[in-house]
Colleague: 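Take a look at this one; I'll ask things after.
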Amino acid sequence: MRTLPGFRDFFPEDCARRNYITGTWRRVARTFGFSEYDGPTLESLDLYRKKNSGGEILGQLFSFTDKGDREVALRPEMTPTVARMLIAKAREFRKPIRWFSIAPFFRYEKQQKGRLREFLQFNCDLVGDDSPEADAEMLALLIETLRAFGLTSDDIVVRVSDRRVWMDFLAERGVKDEAQAREALAVIDKLEREPREVLEAKLSPFGLTLGGIETFLAEAKPEFFGRLQRNLAARGLEDFCVLDLRIVRGLAYYTGLVFEVFDRRQENRAVAGGGRFDRLLSDLSGGKVNLPAIGFGMGDVVLGDLLGERPDAKSRMDSSVKADLACDVFVVVADEARRAEALGVVQLLRATGRRVDYPLTADKVGRQFKDADASGAPVAIIVGQEWPRLRVKDLKTRMESELAQAALADWAANLQTPAP
RNA sequence: GUGGCCGUAGCUCAAUGGCAGAGCCCCGGAUUGUGAUUCCGGUUGUUGCGGGUUCGAGUCCCGUCGGCCACCCCA
């Protein structure tokens, strides 16, 4: 009895880790004025077959026929869903639209490090503005999100490219047909991975040479990148980005800027990726809605691995996990005859919003302190013979003081608890 | 989907073809109102699963499932 391959159980500690990641995503997106939205987990298979996704995603769909004979698929990405939502109500929202979502996705592929069949993804989209400043704003959001986890420009890098640069390059060399250009881009996408001879062979049908492309890669100084860097420099974020025209990305709908985030040591897969899709909404709506858009996705799997590997980021995550799992107060029932009073104390503390644990049945005081320690509570309230006075024990310093029962509500209101 | 390596207690691992073990974790105890560390005791196994070879298989062979890595691609 175990989970299906690529699917996960979330024990409390795993859940706390997930809460840390999703909570950080949500917090940063909100600081950029983004609103949260969501869509259905299950979609019509047609949504992905309309060849807007393309690439491998179609082959990785978790799809089946439902009891009503509909062909359906668990969503493998958010962009088609958000595109449909935007098309449905495009006129209702003030532009540019700033939306984010945090949701589970499914892809049927062989699981390995950084790749599961169910994962969470943070999706951010900026719709209705095609300016380079909008591009920079999205990269800033991406970078700030990673910074919020304690990652620095020594840990990660955003490799930035632009498909328009390549389209111009190809057009100048006679590759003008769009389908052909797309095939050529697929070869360029493999520059890092395939041997030179194979690349040469694949490029020659387009009238291209590997040498020509390498020269272009080395010498090209596209104008867009300088503008992007100046915008990011004004925010102090310029160290996070490098121009890397080798990034092309597999999804078919990208039209301009494209980017992927990697750890500097290149030990993991891409942490996040995205780009500009200025024609997707128009294409999907048959021209009814014509809004440019840029977006990115960040998965929880590679990010989680990376956070565990970087000491600073890890200690940040660990302390959040600890705070998430801990109680605020442990009530010790030192005298079983005072259990009723102890329950009153528990009730009062909980009413103030404190997380409270206590022994459900009679237990030795020594055992109770052990449990108090394990509960993670920084402080214990001891209810016993001295009632209506209470003893307050700081579980770290082991110092005790006395508190009148009548003063308990005020004491609880002033209790400092670490932010989760 | 293709290839390589791996699969023993909840976890980390040990056991020449010859009685399946250790550490950690967990639970209980060390004269009844105070939790570090310590000491004592206890539970935990269809050796992933199914066949085969052998007097005898955790160990060798075949299959299968699962995991890791690479390819493919990407969050």
Side-chain angles (χ1 to χ4, degrees), chain A residues 1-7 9 11 13 21 25 53-60 75-79 101-124 142 145-146 186 189-190 192-195 198 247-251 254 258-263 267-275 295-306 330 332-338 342 359 362-387 390-400:
Chain A
M1 234 172 62
R2 49 187 161 192
T3 62
L4 290 166
F7 288 79
D9 285 328
F11 289 92
E13 200 177 312
I21 289 175
W25 283 343
S53 298
E56 289 291 301
I57 280 194
L58 282 173
Q60 296 178 341
R75 63 181 168 204
E77 58 161 336
M78 197 52 142
T79 303
S101 68
I102 295 167
F105 295 90
F106 304 83
R107 289 187 196 175
Y108 195 91
E109 65 178 324
K110 199 160 175 175
Q111 108 164 319
Q112 52 184 295
K113 192 183 183 195
R115 286 293 172 267
L116 299 174
R117 289 180 172 179
E118 180 185 16
F119 55 95
L120 289 176
Q121 195 171 288
F122 175 47
N123 268 269
C124 296
L142 176 60
T145 301
L146 294 162
D189 186 39
K190 293 185 173 54
E192 282 182 282
R193 302 191 288 270
E194 299 210 276
V198 177
I247 300 290
V248 187
R249 294 183 65 73
L251 293 174
Y254 290 117
V258 285
F259 50 90
E260 290 179 355
V261 179
F262 287 88
D263 62 308
E267 286 166 353
N268 289 284
R269 293 159 191 278
V271 179
F296 67 80
M298 182 184 303
D300 72 309
V301 184
V302 179
L303 178 65
D305 288 347
L306 187 58
F330 192 98
V332 171
V333 185
D335 179 358
E336 198 52 31
R338 293 295 184 187
D363 208 349
K364 288 187 223 172
V365 172
R367 168 72 57 194
Q368 292 189 48
F369 276 101
K370 223 171 209 174
D371 288 344
D373 203 35
S375 79
V379 62
I381 297 270
I382 301 156
V383 182
Q385 293 156 352
E386 53 276 83
W387 184 268
L390 302 162
R391 297 200 65 80
V392 178
K393 180 163 184 174
D394 184 313
L395 290 169
K396 200 171 234 168
T397 65
R398 302 180 175 230
M399 300 289 284
E400 276 187 43

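The analysis underlying the following values was restricted to heavy atoms, covering all of them including side chains, and did not include hydrogens, waters or symmetry mates. Below, read A as the first sequence line, B as the second, and so on, with proteins coming before strands; counting in each chain starts at 1.
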Colleague: Closest to the A/R398 side chain: B/A70, B/G35, B/C69?
Modeller: B/G35

Colleague: Measure CG/A/L390 against C1'/B/G33 and give the value in whole Å, please.
Modeller: 15 Å

Colleague: Taking the P atom of each, how far is B/C19 from B/G58, in whole Å?
Modeller: 10 Å

Colleague: For B/A75, is there a stacking contact with A/F119, counting only centres under 5.5 Å and planes under 30°?
Modeller: yes

Colleague: Under 4.0 angstrom, heavy atoms only, what part of the nucleic acid is A/L116 near: base, sugar-phosphate, or nothing?
Modeller: base

Colleague: Mind listing the closest non-hydrogen atom pair of A/F330 and A/A377 along with its distance?
Modeller: N-CB, 3.8 Å

Colleague: Roughly how far, to the nearest 0.5 Å, is CZ of A/F296 from CD of A/Q121?
Modeller: 10.0 Å

Colleague: Whole-Å distance between B/C73 C1' and A/Q60 CD?
Modeller: 6 Å

Colleague: Could you state the CZ-P distance from A/F259 to B/A75, rounded to the nearest angstrom?
Modeller: 10 Å

Colleague: Considering just the side-chain nitrogens and oxygens of A/Q111, establish if one lies under 4.0 Å of OP1 or OP2 belonging to B/G67.
Modeller: yes

Colleague: Let's test your reading of the model: under 3.5 Å, does the base of B/U34 pair with the side chain of A/K370 as donor and acceptor?
Modeller: no

Colleague: Report which part of the nucleic acid A/A372 touches: base, sugar-phosphate, or nothing (heavy-atom distance under 4.0 Å, all strands).
Modeller: nothing

Colleague: To the nearest 0.5 Å, what is the distance between CZ on A/R269 and CG on A/D263?
Modeller: 12.0 Å

Colleague: Pick the P atom in B/G67 and in B/C11, then give their distance to the nearest Å.
Modeller: 15 Å

Colleague: Determine the Euclidean distance between corresponding C1' atoms of B/A15 and B/G45; express it in Å to zero decimal places.
Modeller: 15 Å

Colleague: Which value, rounded to the nearest 0.5 Å, describes the distance between A/M78 atom CE and A/I102 atom CD1?
Modeller: 10.5 Å

Colleague: With a 4.0 Å limit, can you tell me whether A/Q368 has a side-chain N or O closer than that to the phosphate oxygens OP1/OP2 of B/G35?
Modeller: no

Colleague: Starting the side chain at C-beta, find the nucleotide from B/A75, B/U34, B/C69 nearest to A/E400.
Modeller: B/U34

Colleague: Please check the phosphate of B/A30 (OP1 and OP2 only) for any side-chain N or O of A/K364 closer than 4.0 Å.
Modeller: yes

Colleague: What is the distance, to the nearest angstrom, from the CD atom on A/E109 to the P atom on B/C73?
Modeller: 12 Å

Colleague: Any side-chain N or O of A/K110 less than 4.0 Å from the OP1 or OP2 oxygen of B/C68?
Modeller: no

Colleague: Roughly how far apart, to the nearest Å, are B/C69 and B/G29 at atom P?
Modeller: 44 Å

Colleague: Whom does B/G18 pair with, Watson-Crick or G-U wobble, provided both distances fall under 3.5 Å?
Modeller: B/C55

Colleague: Give none if B/G1 has no partner; otherwise give the nucleotide forming a Watson-Crick or G-U wobble pair with it, both distances under 3.5 Å.
Modeller: B/C71

Colleague: Can you tell me how far C1' of B/C65 sits from CG of A/L4, to the nearest Å?
Modeller: 13 Å

Colleague: Which part of the nucleic acid does A/I382 contact within heavy-atom distance under 4.0 Å: base, sugar-phosphate only, or nothing?
Modeller: base

Colleague: Which nucleotide wins on minimum distance to the side chain of A/P5, given the candidates B/C73, B/G33, B/G66?
Modeller: B/G66

Colleague: When all nucleic acid strands are considered with a 4.0 Å heavy-atom cut-off, which category describes A/E386: base, sugar-phosphate, or nothing?
Modeller: base

Colleague: Any idea which heavy atoms bring A/K396 and A/D394 closest together, and the distance?
Modeller: N-OD1, 2.8 Å

Colleague: Using purine N1 to pyrimidine N3 plus N6-O4 or O6-N4 for Watson-Crick, or N1-O2 and O6-N3 for G-U wobble, both under 3.5 Å, which nucleotide pairs with B/G45?
Modeller: none

Colleague: Grab the CG-P distance between A/D335 and B/U34 for me, whole Å please.
Modeller: 13 Å

Colleague: Output yes when a side-chain donor or acceptor of A/D300 lies under 3.5 Å from a complementary backbone atom of A/L120, and no otherwise.
Modeller: yes

Colleague: Just how far is it from atom CG of A/L4 to atom CD of A/E118, taken to the nearest 0.5 Å?
Modeller: 10.5 Å

Colleague: Measure the spacing between CZ of A/F259 and CG of A/L142 and express it to the nearest 0.5 Å.
Modeller: 6.0 Å

Colleague: Students often get this wrong, so: under 4.0 angstrom with heavy atoms, is A/G304 touching a base, only sugar-phosphate, or nothing?
Modeller: nothing

Colleague: Could you give the distance separating B/G1 and B/C73 at their C1' atoms, to the nearest angstrom?
Modeller: 12 Å

Colleague: Considering only atom C1', compute the distance from B/U47 to B/C71 and round it to an integer number of Å.
Modeller: 33 Å

Colleague: Nearest-Å distance, NZ (A/K190) to P (B/C71)?
Modeller: 13 Å

Colleague: Quantified in whole Å, what is the C1' atom distance between nucleotide B/G4 and nucleotide B/C13?
Modeller: 23 Å

Colleague: Starting the side chain at C-beta, find the nucleotide from B/C69, B/C72, B/U34 nearest to A/R391.
Modeller: B/U34

Colleague: Could you give the CG-to-C1' distance, from A/D394 to B/U34, as a whole number of Å?
Modeller: 14 Å

Colleague: Quick check on B/U34: is either OP1 or OP2 less than 4.0 Å from any side-chain nitrogen or oxygen of A/R367?
Modeller: no

Colleague: Side chain of A/Q385: nearest nucleotide among B/G33, B/A75, B/G35?
Modeller: B/G33

Colleague: Could you check A/R107 against A/D373 and say which one's nearest nucleotide on RNA chain B is further toward the 5' end?
Modeller: A/D373

Colleague: Can you tell me the Watson-Crick or wobble partner of B/U37, both distances under 3.5 angstrom?
Modeller: none

Colleague: Where the side chain of A/Q112 is defined as all heavy atoms beyond and including C-beta, which of B/A75, B/A70, B/G35 is the nearest nucleotide?
Modeller: B/A70

Colleague: Using a cut-off of 4.0 Å on non-hydrogen atoms, how would the nucleic acid contact of A/G384 be classed: base, sugar-phosphate, or nothing?
Modeller: base

Colleague: If I pick the C1' atom on B/C60 and the same atom on B/C40, what distance separates them, to the nearest angstrom?
Modeller: 44 Å

Colleague: Base, sugar-phosphate, or nothing for A/V271, non-hydrogen atoms under 4.0 angstrom?
Modeller: sugar-phosphate

Colleague: Look at the side chain of A/E118 and the base of B/A75, then say whether one donor and one acceptor between them are separated by less than 3.5 Å.
Modeller: no

Colleague: Identify the nucleotide, in any strand shown, that forms a Watson-Crick or G-U wobble pair with B/G23, with both distances under 3.5 Å; if there is none, say none.
Modeller: B/C11

Colleague: Return yes if some donor-acceptor pair links the side-chain N/O of A/Q111 with the main-chain N/O of A/R117 below 3.5 Å, else return no.
Modeller: no

